[in-house]
There are 2 protein chains.
Amino acid sequence: MRNSIKKTSQITEQRSQGRNLVFSHIRNNFQVARIDIANATGMSPATVTSITAELIAAGLIEEVQREVEPGQSKRGRPRVDLKLRGESHIVAGMKLTGRSISAVVLDLEGKQLGKAKVPMPRPPIDRTALCKLIPQVVETVSASAGVKPEDLSAVGIGLPGTIQATEGFVDWCPLFQEQEFNLKQLMEEIMPMPVFVENDANAVAIAELWFGFGRDVPDFLVVTIEQGVGLGIVLDGEIFRGTQGFGAEFGHTKVQSEGALCRCGQRGCLEAYVADYALLREANLFKHWEEGTSEEDRLVQLFAAAKEGDRMAKSIFDRASRMFSMGLANLVNLFDPAMVILSGEQMQFDYLYAQQVFDMVRSSTILKGHHEPEIRIHKWGDMMWAKGAAAFALEEVVRISLDQLGSAETSA
Amino acid sequence: MRNSIKKTSQITEQRSQGRNLVFSHIRNNFQVARIDIANATGMSPATVTSITAELIAAGLIEEVQREVEPGQSKRGRPRVDLKLRGESHIVAGMKLTGRSISAVVLDLEGKQLGKAKVPMPRPPIDRTALCKLIPQVVETVSASAGVKPEDLSAVGIGLPGTIQATEGFVDWCPLFQEQEFNLKQLMEEIMPMPVFVENDANAVAIAELWFGFGRDVPDFLVVTIEQGVGLGIVLDGEIFRGTQGFGAEFGHTKVQSEGALCRCGQRGCLEAYVADYALLREANLFKHWEEGTSEEDRLVQLFAAAKEGDRMAKSIFDRASRMFSMGLANLVNLFDPAMVILSGEQMQFDYLYAQQVFDMVRSSTILKGHHEPEIRIHKWGDMMWAKGAAAFALEEVVRISLDQLGSAETSA
DNA sequence: CATTTAAATTTGAAGTCCAAATTAAATGGT
DNA sequence: ACCATTTAATTTGGACTTCAAATTTAAATG
């Protein structure tokens, strides 16, 4: 009945690519029959049968009966759809910011099984604190999902800063006291499951690829704006991290020679014009805040003022959106992406997601055979960042699963 | 004695990759023994034997006796080196500018067999003129190399502008009257050999990869400065043209919001600060040229003035180099390249290749795990651009040869 | 209920890679 | 001179893969 799985040990690169291709095709299409996979990927039906049998045996995918509207059914053997098997892996993902840690539990299909948000101690925090805090968050969010931490296939952590994701190494993170240490290793010593660490914007890009607008498109850019400016570059279905692993520093591309001072110490960085601190820095020149107003509230007030026509406030946002357009146009000129996704949780400050910005980008990019990039806005809701981290964890878990597939086979 | 070549017809992707890997390893190392190829690529010696036998049978490579200094010789069967077989393909490459067409004939090993330089009619020129001009240049340069045009395996053409290299389609080129036409097709109708068309900066990047500083490095950026600013991005040994084929528009990345007017119609483009026309545009404000002074001579005078301390002239170059640094820093921040090559023919105006520029780039890039990009200057001499076009032609010819390898076999 | 249609699987052939065995071609020691 | 030793290259044989073609499976149709 089923293709007998051989106890192989020697997997070829070719087979590995095939598995990845089939898996991601199923993921991107929710449900799809083997014959469609064959047609879409160019593989022969025989090969698709063989690979899907492996994936089913590994528990990563499962067959589902296709829904057929009455009267729509055709002759011939009916197609049997395949879909990801959600239960096969559940992971937690969390995002660290200076204010809080948000976390979710997702299954392989992207279903959110639980979430949590806990306050973050004021940065910079040290390793000891991290070692208490992160396991605690894992506990909490697992509980909210009704699972035990041991049931998690992995934990993903999203961070601002420069991260070597393959190593789990933190080169620099604004939240931490110490720098240059292996966070993955540290966490795996005190927790039972694999831990994966990634830059927060890259993690969101992976979430777009797995569960967002990137499902249909293999190449796109994801830009995130929050306290800083983040960029994730997806080329051919994979995160591009620069040729040495430290690229995509969009927030620190220069938009002004000898420009505004950035917290990185350089001048003229995009971040120094559009990040929260950059806006407030200028607002402080003319705005008087009530004692104890939070940064977030100040921003809200500033934005409200601009909307009401306050010229000083408006000028701040105008400049920010001009600079943002410029940075975005440079990305478009260099990467010629088919799609740019502006991803955010709430995007309450919509000056950066306005028609005006898109128009500026369009007028600042070279005509490209008449195809302009599609700029899409993706409002994820409050758990975007945590979902990104979880998506990264899923990707790593699946990557490892697929690679190990033939080496030690469980009976079906 | 020799591995018998099967008359196959069904070549796998895997084999094709293997061939490419072996071929480029031989090319990058001039001469190398099979065992070294196996060690360097991770392939088994058996596979290397098999692939190199194919390449030898196809005439692309050949065995050479290794030079052994007396006394240096070791025990064991001596290694037999392999190298590219120059005679197997000779190609012509030409570069079109508004002033002239320069052309070379190269063999597969990169040896220059001939060269020519002919005047270009004043742009814009039309298709009819092209159809006369280009075959004429091919004739001339072939003659200079002592070969007939029919002996050329291909002709490569390098152009400024936006080109779809895979199609040979010119989307936009400042030299031509008509736009959006298939130059490759047009030329192949009137000439007997395959024609390949590529953006000039990309072509130079391929020349760096095949015969220049890129031999040892699979990922690097090539920046060219001439009348405009060009960029070639090499990722993993291949030109990155953007996800839709129109990326790498470095000259039109923005370095100033609402900045100087560029000939592309936009404002603030890098080109509008560093290209020849941009420098002269400002110089015209205070410099009085003799009647009939050529653009090139004006530039020489301007540069001399700056060197002598003329404040106005100096200010022009200062700004240009500041803007150039900024653009370069943005590339470094986005791509994190291990190497940036500044390629030029003469580089007489060395303000853009100065320590000052490198320092600015360094201070405008995010710390990257302590590894900064190596910035190298490559002074090619007068045929750089034409060699680039020829290198592109070689790459295409070899790509096609390797792909077709098993499908129709000639007897050894 | 036989026929038709279409999906999925099985079969068999051809291609590929690699470990291991074999062959080739030198040096070194006696 | 001759044989052991060393190293490179090739050949052999086994394990995998992919795919075309044949076969099986599972429906709709008349």
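Every chain is numbered from 1 and lettered A, B, ... according to where its sequence line falls, protein lines coming before strand lines.
Remark: B:E238 CD is loosely packed, at most 12 non-hydrogen atoms of other residues, nucleotides or ligands lying under 6.0 Å away. When the shell of 6.0 Å around CD of B:E150 is examined, it contains more than 12 heavy atoms from other residues, nucleotides or ligands. When the shell of 6.0 Å around CD of B:E87 is examined, it contains more than 12 heavy atoms from other residues, nucleotides or ligands.
Comparing D:dA9, C:dC18, C:dT16 by their nearest atom to the side chain of B:T49 picks out D:dA9.
Between B:T47 and C:dC18 there is a side-chain N or O to OP1 or OP2 distance below 4.0 Å.
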TODO: Would you please test B:S50 and B:R15 for side chain to side chain donor-acceptor pair (under 3.5 Å) and show each step?
DONE: CA-CA 10 Å; B:S50 166; B:R15 183 57 154 211; 2.5 Å; yes
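B:D36 has its CG atom 14 Å from the P atom of D:dT7, to the nearest Å. When the P atom of D:dA9 is taken as reference, atom CG of B:D81 falls 9 Å away, rounded to whole Å. Distance, B:I35 CD1 to D:dT6 C1': 13 Å, rounded to whole Å. Between the CD1 atom of A:I56 and the P atom of C:dA8 there is a distance of 11 Å, rounded to whole Å. Here D:dT17 presents its P atom at 16 Å from CG of A:L21, a figure rounded to the nearest Å. In this structure, the CD1 atom of B:I37 is 15 Å from the C1' atom of D:dT10, given to the nearest Å. In this structure, B:Q65 atom CD and C:dA25 atom C1' are separated by 11 Å, rounded to whole Å. The interatomic distance linking A:R79 (CZ) with D:dT25 (P) rounds to 20 Å, in whole Å.
Comparing A:K74 and A:P45 against DNA chain D, the residue whose closest nucleotide sits nearer the 5' end is A:P45. Mapping A:R34 and A:T12 onto DNA chain C by nearest heavy atom places A:R34 at the nucleotide closer to the 5' end.
Closest of all the heavy-atom pairs between A:E167 and A:N182 is O-ND2, 3.2 Å. Residues A:D107 and A:L113 approach most closely at CB-CD1, 4.2 Å, considering heavy atoms.
Residues satisfying the side-chain hydrogen bond (donor to acceptor under 3.5 Å, both in side chains) test with B:T52, not counting sequence neighbours, are B:R34. The side chain to side chain contact (heavy atoms under 4.5 Å, CB included) check on B:L21 picks up B:T41, B:M43, with sequence neighbours excluded. Shown here are the side-chain hydrogen bond (donor to acceptor under 3.5 Å, both in side chains) partners of A:S153, two or more places apart in sequence or in another chain: A:H89. Listed by chain and residue number, A:H378 satisfy the ring pair (Phe, Tyr, Trp, His ring centres under 6.0 Å) test with A:F213 (two or more places apart in sequence, or in another chain).
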I'd like a list of close polar pairs between nucleotides 28-30 of chain C and the protein, N/O only, cut-off under 3.5 Å.
{"residue": "C:dG28", "atom": "O4'", "partner": "B:R75", "partner atom": "NE", "Å": "3.4"}
{"residue": "C:dG28", "atom": "O4'", "partner": "B:R75", "partner atom": "NH2", "Å": "2.7"}

Find every protein N or O atom lying less than 3.5 Å from an N or O atom of nucleotides 22-24 of chain D, and list the pairs.
none

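As the counterpart of D:dG30, C:dC1 is assigned, both hydrogen-bonding distances of the Watson-Crick or G-U wobble pattern falling under 3.5 Å.
When heavy atoms are screened at a 4.0 angstrom cut-off, A:V48 is found touching no nucleic acid atom at all. Here B:P78 lies in heavy-atom contact (under 4.0 Å) with sugar-phosphate atoms only.
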